Number of protein chains: 2
Amino acid sequence: MNTHHTPFARKLGAFVALSDIELALLDQLHSRRRSFAARRDMVHEGQVERSAYIVASGWVCSYKLLPSGARQIVDFQIPGDFLGLRSVLFRTADHNIEPITRVQASEVQARDLLDAFNTAPRLAAAVLWAASRDEAMVVEHLVDLGRRDAKQRMAHFLLELGARLKLVGLGTNEGYACPLTQYLLADALGLSAVHVNRVLRDLREEGLVSFQQGKVIFENFAGLVALCDFDRTYLDHEGPLMR
Amino acid sequence: MNTHHTPFARKLGAFVALSDIELALLDQLHSRRRSFAARRDMVHEGQVERSAYIVASGWVCSYKLLPSGARQIVDFQIPGDFLGLRSVLFRTADHNIEPITRVQASEVQARDLLDAFNTAPRLAAAVLWAASRDEAMVVEHLVDLGRRDAKQRMAHFLLELGARLKLVGLGTNEGYACPLTQYLLADALGLSAVHVNRVLRDLREEGLVSFQQGKVIFENFAGLVALCDFDRTYLDHEGPLMR
DNA sequence: AGGCTGGGCTGACGCAGATCAGCATCATCT
DNA sequence: AGATGATGCTGATCTGCGTCAGCCCAGCCT
């Protein structure tokens, strides 16, 4: 695997055999690099937004706030992920986006993408694939919230995150570094922070996963997969347009 | 409003000013009409799928099954809605699709769509808009499951459904006909059927909505909106590509 | 140093909603 | 007419998770 490419190129390249020319085109999208401080909203709901981003380093979350003050995190973005692709299409952003750590991201105008597609049409299919994968993840998240209990949710979440990170070279089947706090986990999983803490302790004491000092370590990968029926096909399925 | 067009054309036409030619093109997509019996899966997870559908009449639901036997309904499709657009892109369907009533739907090959787009490029933007709206609904559903209690969920759900039905001429601010059973509601809202029943009773006794004999009737629309902070902008927002 | 803040952690208690069990109604089938 | 199966409805009880309240530690201010 080519490790000197950006996480974005690496992710797409893992499922679509891309030529060197195509890979180079993808890397070129990263010319307009910007940096964002942790904890300061990049985009807030209702804001008029004209460009999307590709995350180069750091972690981001997209969330919705309810008037009650409750927050629901819809998704986390890690290096290689698109950010705000939809708010380019719609006139305004429909949710908030906040960096969790310091973030480096490349601004991508709609025009840049279209130019790249014209030069290398297969890239369009690849990007479409990435967008579909993101949607499949949201659906899986919905199933989590609707029909899995706290322990299964957590297990599923940690496994999915691991699979995504592995794809961009930031994780292995042993574990990965993870900057998320228990509060962030709570807001993503629809739980209270208190309960997140308890669930993590349970999982640790059962020898399944540990999550301490910013590191997720899989102690019993198979056991964890069994606990929540994790099926990763939705993450790395290749489509008919890819061949 | 033109009522002699299909629900699909009507829905798109409500937010994108479409010419008669464009409307006619949309209606032409409905040539390959098929009929499906209630309760028999149209598509099941993992099935290889090559065509999408546009619902002409009847109700459909897309859901995921867990090995535990639990079911999570991701979304309902009503007349005018696309069905399985994503499973055309991916090689296989990633969830099951089941008609709730008898359903008439038009089969749409990827080729038909592309042809229509070539003739009338504005249609592509309109269809993209519809797809984005569907995704926004899934996100809103996710917030429901993660951060709203049972009563708010139900209120939000009934209001959203009402707004969607109104768009295709199947509902008003007074109410609408709805073939969903309490079991279906439960599987969509992440509740038990027993609790759905109680919540419906509560809402009825508080004079907010009633849902009986297949009819949803809004007794106090404003009160219901206030209860769950319903904000319908995500349903009928027009995008920058529409002008 | 001392205070402040953010994060992890824990016990006691309460409640929303699940589960269990059962009844009533209606449509369809035999 | 009786049997069967959906669907709606209800009370009693149980439980997963939230809420409240508080402690501890580490890092960062002043």
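Below, chain A is the first sequence line, B the second, and so on; all start at residue 1. On a predicted model such as this, the values are computed, not experimentally measured, just so you know.
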Original post:
Would you say A/Lys11's side chain and A/Gly80's backbone share a donor-acceptor pair under 3.5 angstrom?
Top reply: yes
Original post:
When the C1' atoms of the five terminal pairs at each end define the local axes, what inter-axis angle does the helix from C/dA1-D/dT30 to C/dT30-D/dA1 show, to 10 degrees?
Top reply: 30°
Can you give the donor-acceptor pairs under 3.5 Å from side chains of residues 203-231 of chain A to other protein atoms, not counting sequence neighbours?
residue, atom, partner, partner atom, Å
A/Glu206, OE2, A/Lys151, NZ, 2.7
A/Asn220, OD1, A/Gly223, N, 2.8
A/Asp231, OD1, A/Thr233, N, 3.1
A/Asp231, OD1, A/Thr233, OG1, 3.1
A/Asp231, OD2, A/Thr233, OG1, 3.4

**OP:** Look at the side chain of B/Arg153 and the backbone N and O of B/Arg148, then say whether any donor-acceptor pair between them is shorter than 3.5 Å.
**Re:** yes
Subject >> Sub-4.0 Å heavy-atom contacts from residues 194-206 of chain A onto DNA chain D, ordered by number >> reply: A/Val194, A/His195, A/Arg198
Original post:
Is there a residue in residues 184-192 of chain A whose heavy atoms reach under 4.0 Å of DNA chain D, and which residues are they?
Top reply: A/Gly190, A/Leu191, A/Ser192
Original post:
Would you say a side-chain N or O of B/Gln182 is under 4.0 Å from OP1 or OP2 of D/dC9?
Top reply: yes
Original post:
Quick one: on DNA chain D, does B/Ala193 or A/Arg153 contact a more 5' nucleotide (nearest heavy atom)?
Top reply: B/Ala193
Original post:
With no hydrogens and no angle check, is any side-chain donor or acceptor of A/Asp149 less than 3.5 Å from a backbone partner on A/Gln152?
Top reply: yes
Original post:
Under a 4.0 Å heavy-atom cut-off, which of residues 140-150 of chain A touch DNA chain D?
Top reply: A/Asp149, A/Ala150
Original post:
Donor-acceptor pair, A/His141 side chain versus A/Ala188 backbone, under 3.5 Å?
Top reply: yes
**OP:** Just grab all the side-chain hydrogen bond (donor to acceptor under 3.5 Å, both in side chains) pairs involving residues 183-192 of chain A, residues at least two apart or on different chains.
**Re:** A/Arg71-A/Asp187, A/Asp187-B/Arg147
Original post:
For A/Gly58, does its backbone N or O pair with a side-chain atom of A/Thr101 as donor and acceptor, under 3.5 Å?
Top reply: no
Subject >> B/Phe76/B/Phe157 aromatic ring centres below 6.0 Å >> reply: yes
**OP:** Could you tell me how the ring of B/Tyr234 sits relative to the ring of B/His156: parallel (under 30°), tilted (30 to 60°) or perpendicular (over 60°)?
**Re:** parallel
**OP:** Determine whether more than 12 heavy atoms belonging to other residues, nucleotides or ligands lie under 6.0 Å from atom CZ of B/Arg33.
**Re:** yes
Original post:
Can you check whether B/Ile78's main-chain N or O pairs, donor with acceptor, with B/Asp81's side chain at less than 3.5 Å?
Top reply: yes
Original post:
So, does B/Lys166 use its side chain to make a donor-acceptor pair with the main chain of B/Gly171 at under 3.5 Å?
Top reply: no
**OP:** Take atom NZ of A/Lys215 and atom C1' of C/dG8, then tell me their distance rounded to the nearest Å.
**Re:** 17 Å
Original post:
In terms of side-chain heavy atoms, does A/Ser51 have a donor or acceptor partner in A/Glu107 at a distance below 3.5 Å?
Top reply: yes
Original post:
Rounded to whole angstrom units, what separation is found between the CD atom of B/Gln213 and the P atom of D/dG8?
Top reply: 10 Å
Subject >> Integer-rounded Å distance: C/dC9 C1' and A/Gln212 CD >> reply: 11 Å
